[in-house]
Amino acid sequence: DIYQTWESRDLNMGRSEDASKPWHSEGSASFFGGFLAERMGISGALRNYLAYYIDSNGGNCQALIDEAFSLWDLEFDTRNNCGYGLGAWAITFLISQHSIASYLAFYDDLNPYGFFEAWSKNFGQTVDEFDVNFREWFLTTSDDVKFETVSALVVSEQSEMLSQAMSPR
């Protein structure tokens, strides 16, 4: 659908009414930018992008996540663009639990159901439940395991896409 205003587009993408909460829209764009770079042969593109945001010499966004953290706290003006980086980590976590295909199916449901209902329908949890699950995963998972999750997701999704491309139509 084409939206009449940028506000209606942003609301349908999961941003707040004033469009200041970019974790989903910018996080998914950042995730897919890194993932598609991997598909184009730039090995480690997604990992390197995500690594910057948790590196203490880079974005250092990991320091923002504590027991009270919520993805909804991230704004465009958060230092070091953490809304983009931590949003991309959240989308990585989500897709690692599901798949890119199921994530893209979520977009098919945005217009008829709206962001929150489409999220629950496609991922079996509310956005708030996901927010808590992401925070807990991020706090309790070592960086090495986080990066293993990224690598496994890239390999799995690339294998799935290759398999689909090679299957007779």
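Start at 1 with the first residue, then count along the sequence. Computed over heavy atoms, backbone and side chain alike; hydrogens, waters and symmetry mates excluded.
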**Q** Is S102 reaching over with its side chain to a backbone N or O of H98, donor-acceptor style, under 3.5 angstrom?
**A**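 Looks like no, no N/O pair under 3.5 Å.
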
**Q** Can you see which heavy atom on D66 is nearest to which on R135, and at what distance?
**A**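 For D66 and R135, the tightest heavy-atom pair comes out as O-CD, 3.1 Å.
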
**Q** Where do F123 and F106 land on the side-chain contact (heavy atoms from CB on, under 4.5 Å) test, with the steps shown first?
**A** CA-CA 8 Å; F123 305 124; F106 159 73; 3.6 Å; yes

**Q** Would you call the rings of F115 and W72 parallel, tilted or perpendicular if under 30° counts as parallel and over 60° as perpendicular?
**A**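 The arrangement is perpendicular - the two ring planes meet at more than 60°.
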
**Q** Can you tell me how far apart CZ (F35) and CD1 (I42) are? Round to the nearest 0.5 Å.
**A**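 If I round to the nearest 0.5 Å, the distance is 13.0 Å.
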
**Q** Do F130 and F93 have ring centres separated by under 6.0 Å?
**A**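 Yes: the rings meet the under 6.0 Å criterion.
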
**Q** Measuring from atom NZ of K146 to atom OG1 of T141, what distance do you get when rounded to the nearest 0.5 angstrom?
**A**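 If I round to the nearest 0.5 Å, the distance is 6.0 Å.
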
**Q** Hey, mind stepping through W89 and W137 against side-chain contact (heavy atoms from CB on, under 4.5 Å) and telling me if it holds?
**A** CA-CA 11 Å; W89 270 108; W137 174 77; 4.0 Å; yes

**Q** Please determine if R47 forms a cation-pi arrangement with F147, meaning its NZ or CZ atom is less than 6.0 Å from the six-membered ring centre and no more than 45° off the ring axis.
**A**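 Yes, R47 sits over the ring of F147.
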
**Q** Once you round to the nearest 0.5 Å, how far does CG of N81 lie from SG of C61?
**A**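 So the CG of N81 and the SG of C61 are separated by 8.0 Å.
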
**Q** Can you say whether the rings of Y107 and Y103 are parallel (under 30°), tilted (30 to 60°) or perpendicular (over 60°)?
**A**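 If you compare the ring of Y107 with that of Y103, the planes turn out perpendicular.
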
**Q** Between the main-chain N or O of F69 and the side-chain N or O of D73, is there a donor-acceptor pair closer than 3.5 Å?
**A**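 Answer holds: no.
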
**Q** Specify the closest pair of heavy atoms between F138 and I54, including all atoms of both residues, with the distance to one decimal.
**A**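 What the structure gives for the nearest pair is CZ-CG2, 3.4 Å.
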
**Q** So, applying side-chain contact (heavy atoms from CB on, under 4.5 Å) with I95, which one of I100, T149, L104 is it?
**A**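 The residue from I100, T149, L104 that satisfies side-chain contact (heavy atoms from CB on, under 4.5 Å) with I95 turns out to be I100.
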
**Q** Using the rule that two of Ile, Leu, Val, Met, Phe, Trp, Tyr join whenever any of their side-chain heavy atoms come within less than 4.5 Å, decide whether V145 and L153 are in one cluster.
**A**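 Each belongs to a different hydrophobic cluster.
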
**Q** For D55, give me all partners under salt bridge (charged side-chain N to carboxylate O under 4.0 Å, His left out), at least two apart in sequence or on another chain.
**A**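 Not a single residue meets the salt bridge (charged side-chain N to carboxylate O under 4.0 Å, His left out) criterion with D55.
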
**Q** How many angstroms lie between atom CG of D131 and atom OG of S70, to the nearest 0.5 angstrom?
**A**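 The distance works out to 3.5 Å.
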
**Q** How close do F31 and A88 get, counting heavy atoms only, and between which atoms?
**A**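 Heavy atoms only, the tightest pair is N-CB, 4.0 Å.
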
**Q** Ignoring hydrogens, what is the shortest heavy-atom contact between Y52 and G58? Give both atom names and the distance.
**A**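 Closest approach of Y52 to G58: CE1-CA, 3.4 Å.
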
**Q** Look at the aromatic rings of W119 and W23 and report parallel, tilted or perpendicular, splitting at 30° and 60°.
**A**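 Perpendicular.
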
**Q** Determine yes or no for a side-chain-to-main-chain donor-acceptor pair under 3.5 angstrom, with E38 supplying the side chain and A45 the backbone.
**A**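 Here the side-chain-to-backbone pair exists.
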
**Q** Hey, what do you get for CG (L86) to CD1 (I65), rounding to the nearest 0.5 Å?
**A**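 Reported to 0.5 Å precision, the distance equals 4.5 Å.
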
**Q** How close do T126 and S120 get, heavy atom to heavy atom, and via which atoms?
**A**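 Shortest heavy-atom contact: CA-OG, 3.6 Å.
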
**Q** Treat each ILVMFWY residue as a node, draw an edge where side-chain heavy atoms are under 4.5 Å apart, and state whether Y53 and L139 are in one component.
**A**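 Yes; L139 is reachable from Y53 via cluster members.
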
**Q** List the residues meeting side chain to side chain donor-acceptor pair (under 3.5 Å) with T92, not counting sequence neighbours, and say none if there are none.
**A**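 Result, side chain to side chain donor-acceptor pair (under 3.5 Å) vs T92: none returned.
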
**Q** List the steps, then state whether side-chain contact (heavy atoms from CB on, under 4.5 Å) holds for D143 with Q62.
**A** CA-CA 10 Å; D143 289 351; Q62 186 161 302; 3.3 Å; yes

**Q** Roughly how far apart are C82 SG and L74 CG, rounded to 0.5 Å?
**A**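 That separation rounds to 7.0 Å.
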
